[in-house]
Engineer: 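Take this structure, written in structure tokens, and hold onto it; I'll ask about it next.
In this text the structure is predicted, and so the values were computed from the model without any measurement. When a ligand or atom number is given, it counts from 1 through the structure's own listing order.
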Amino acid sequence: MTCQVTVLPSGHTFGVEAHETILEAALRQNIGLPYGCRDGACGACKGKVVAGEVSQDGFQDKALPESERIQGMALFCCAKPQGDISIEVREVTGAGDIQIKTLPCRVEKIEKIHDVAVLKLKLPVSERLQFRAGQYIDILMKDGKKRSFSIANAPHDDAFIELHIRHNPGGSFSDYVFNQMKEREIMRFKGPLGSFFLREDSDKPAIFIASGTGFAPVKGIIEHAIHQGIQRQMVIYWGARTLADLYMAPLAGSWQAAHPHITFIPVLSEALPEDNWQGRVGFVHQAVLEDFADLSGYQVYACGAPVMVEAAHASFTGERGLPEDEFFSDAFLPSKDANAAK
Ligand code: FES
């Protein structure tokens with residue numbers, strides 16, 4: 001049986017299946033309830049049941065004391081509705097509503113693909129990171145410095161935090177990742193940060209333009225959009241020097257193969273003879289200019305080297321009529337990453 005939940009004050013409604021908690025059902029349907037541990041320990045998902053009944057178990061008393069239960073408070077990560085209900089809770093509508101945390105994490109896996117290390121980070125058992133697909137985290141170094149990396153996975157797939165780190169010889173952090181970092185190592189990070197995420201209140205077709213590891217947040221956004229069943233037209237341009245630099249091209253190709261509304265266009269600027277490249281060549285923003293005479297009805301999401309992001313912004317808004325407020329970007333600026341390790 002499906003129970004209906006009405007969220008106040010927004011009036012949003014969603015259905016909860018018998019096997020689901022209220023939080024699980026809300027996240028599945030893209031309703032932004034707040035959460036932290038998803039395990040009844042932190043209290044971040046707490047709200048009030050104003051009409052109807054819930055059953056809840058598996059939570060810790062300190063997260064929901066008896067005195068609060070009596071007042072109708074519930075932890076939605078542990079609560080199941082017993083019929084249709086109304087709840088009162090602060091909804092997460094933008095990145096600004098998500099709590100920024102400083103957390104320890106363990107390096108669970110290091111996979112090297114060409115000159116990119118794909119790190120999988122695991123949080124402590126009682127923690128989950130709530131984030132919007134496309135945001136980034138700051139890795140906090142022992143020397144007090146920080147390095148910013150985009151989250152490459154989508155929020156629904158949050159067993160690990162995935163980062164893509166390009167080897168930049170001479171860059172202290174990326175040298176460290178490539179030469180010394182060991183699995184099971186403990187690090188600390190702060191996040192989620194940034195406003196590079198899909199504007200889901202729009203149904204305009206979206207163009208994604210990435211250079212190098214700027215692919216990482218695009219991957220998170222596309223995986224999120226696929227999971228949510230978002231059917232907007234999405235065109236992904238990924239620019240790199242050589243074929244090997246397109247370190248996850250088969251994955252992007254598989255999105256195109258499985259979803260008619262997604263197109264993947266790889267663009268190489270310095271293809272090697274052995275690449276035997278038959279595809280698009282040149283600078284990645286130029287490929288967009290060649291393909292689109294008018295961008296006035298589009299959104300553009302650009303991520304990667306500042307020079308690419310700046311060129312895309314200038315030419316798309318200046319020459320192709322892209323509205324200024326429909327251009328979203330995350331440039332790998334030195335202020336976010338002193339050694340350009342991102
Ligand atoms: S998310 Fe931590 S108690 Fe529900």
Side-chain angles (χ1 to χ4, degrees), residues 3-10 12-83 85-106 108 121-133 135 137 151 153-162 188-193 197 220 224 227-228:
C3 298
Q4 280 302 115
V5 176
T6 303
V7 185
L8 301 174
S10 70
H12 290 147
T13 59
F14 61 96
V16 185
E17 304 298 330
H19 64 279
E20 291 179 308
T21 65
I22 293 168
L23 178 66
E24 283 168 345
L27 296 179
R28 174 171 61 75
Q29 292 159 89
N30 214 17
I31 303 285
L33 297 194
Y35 65 86
C37 65
R38 298 201 335 215
D39 197 30
C42 74
C45 64
K46 195 182 297 175
K48 189 165 191 174
V49 180
V50 291
E53 301 260 325
V54 298
S55 67
Q56 1 184 24
D57 54 71
F59 60 88
Q60 296 182 19
D61 219 46
K62 67 172 173 36
L64 185 67
E66 171 84 33
S67 55
E68 291 187 348
R69 286 203 296 276
I70 292 168
Q71 291 166 19
M73 303 303 283
L75 296 177
F76 296 124
C77 71
C78 299
K80 295 184 173 178
Q82 308 293 298
I85 61 169
S86 296
I87 63 174
E88 203 172 72
V89 65
R90 175 185 62 84
E91 275 179 84
V92 176
T93 54
D97 301 322
I98 299 178
Q99 192 191 355
I100 297 169
K101 298 178 177 180
T102 298
L103 292 170
C105 60
R106 192 178 68 202
E108 193 71 15
L121 306 178
K122 183 140 184 59
L123 268 50
V125 178
S126 59
E127 290 284 356
R128 292 279 169 151
L129 184 71
Q130 184 169 20
F131 63 97
R132 304 208 54 178
Q135 288 192 286
I137 59 170
I151 302 170
N153 52 302
H156 69 272
D157 173 26
D158 67 350
F160 302 105
I161 297 172
E162 179 179 322
R188 285 170 65 244
F189 74 88
K190 182 175 174 186
L193 300 163
F197 50 80
H224 168 73
H227 181 259
Q228 294 297 337

Engineer: Quick one: name the protein N/O/S atoms under 2.8 Å from atom 4 (Fe) of ligand 1, chain by chain.
Structural biologist: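 Under 2.8 Å from atom 4 (Fe) of ligand 1 - ignoring waters, which are not counted - the protein N, O or S atoms are Cys45 SG, Cys77 SG.
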
Engineer: Quick one: list whatever passes ring pair (Phe, Tyr, Trp, His ring centres under 6.0 Å) with His12, sequence neighbours left out.
Structural biologist: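 Residues passing ring pair (Phe, Tyr, Trp, His ring centres under 6.0 Å) with His12: none at all.
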
Engineer: Once salt bridge (charged side-chain N to carboxylate O under 4.0 Å, His left out) is applied, do any residues pair with Lys190, and if so which ones, sequence neighbours excluded?
Structural biologist: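 In terms of salt bridge (charged side-chain N to carboxylate O under 4.0 Å, His left out), with neighbours along the sequence ignored, Lys190 is linked to no residue.
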
Engineer: Does Leu27 form a side chain to side chain contact (heavy atoms under 4.5 Å, CB included) with Phe14? I'd like the steps, not just the answer.
Structural biologist: CA-CA 10 Å; Leu27 296 179; Phe14 61 96; over 6 Å; no

Engineer: Within a radius of less than 6.0 Å around CD of Glu53, do more than 12 heavy atoms belonging to other residues, nucleotides or ligands occur?
Structural biologist: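 Not buried by this count: 12 neighbours or fewer within 6.0 Å.
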
Engineer: Only distances under 3.5 Å count here; give the side-chain donor-acceptor pairs of residues 39-48 to other protein atoms, sequence neighbours excluded, each with its distance to 0.1 Å.
Structural biologist:
{"unit_1": "Lys46", "atom_1": "NZ", "unit_2": "Ala63", "atom_2": "O", "d": "3.1"}
{"unit_1": "Lys46", "atom_1": "NZ", "unit_2": "Glu68", "atom_2": "OE1", "d": "2.7"}

Engineer: Using a 3.5 Å distance criterion without hydrogens, assess whether the side chain of Gln56 forms a donor-acceptor pair with backbone atoms of Leu75.
Structural biologist: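 A pair under 3.5 Å: yes.
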
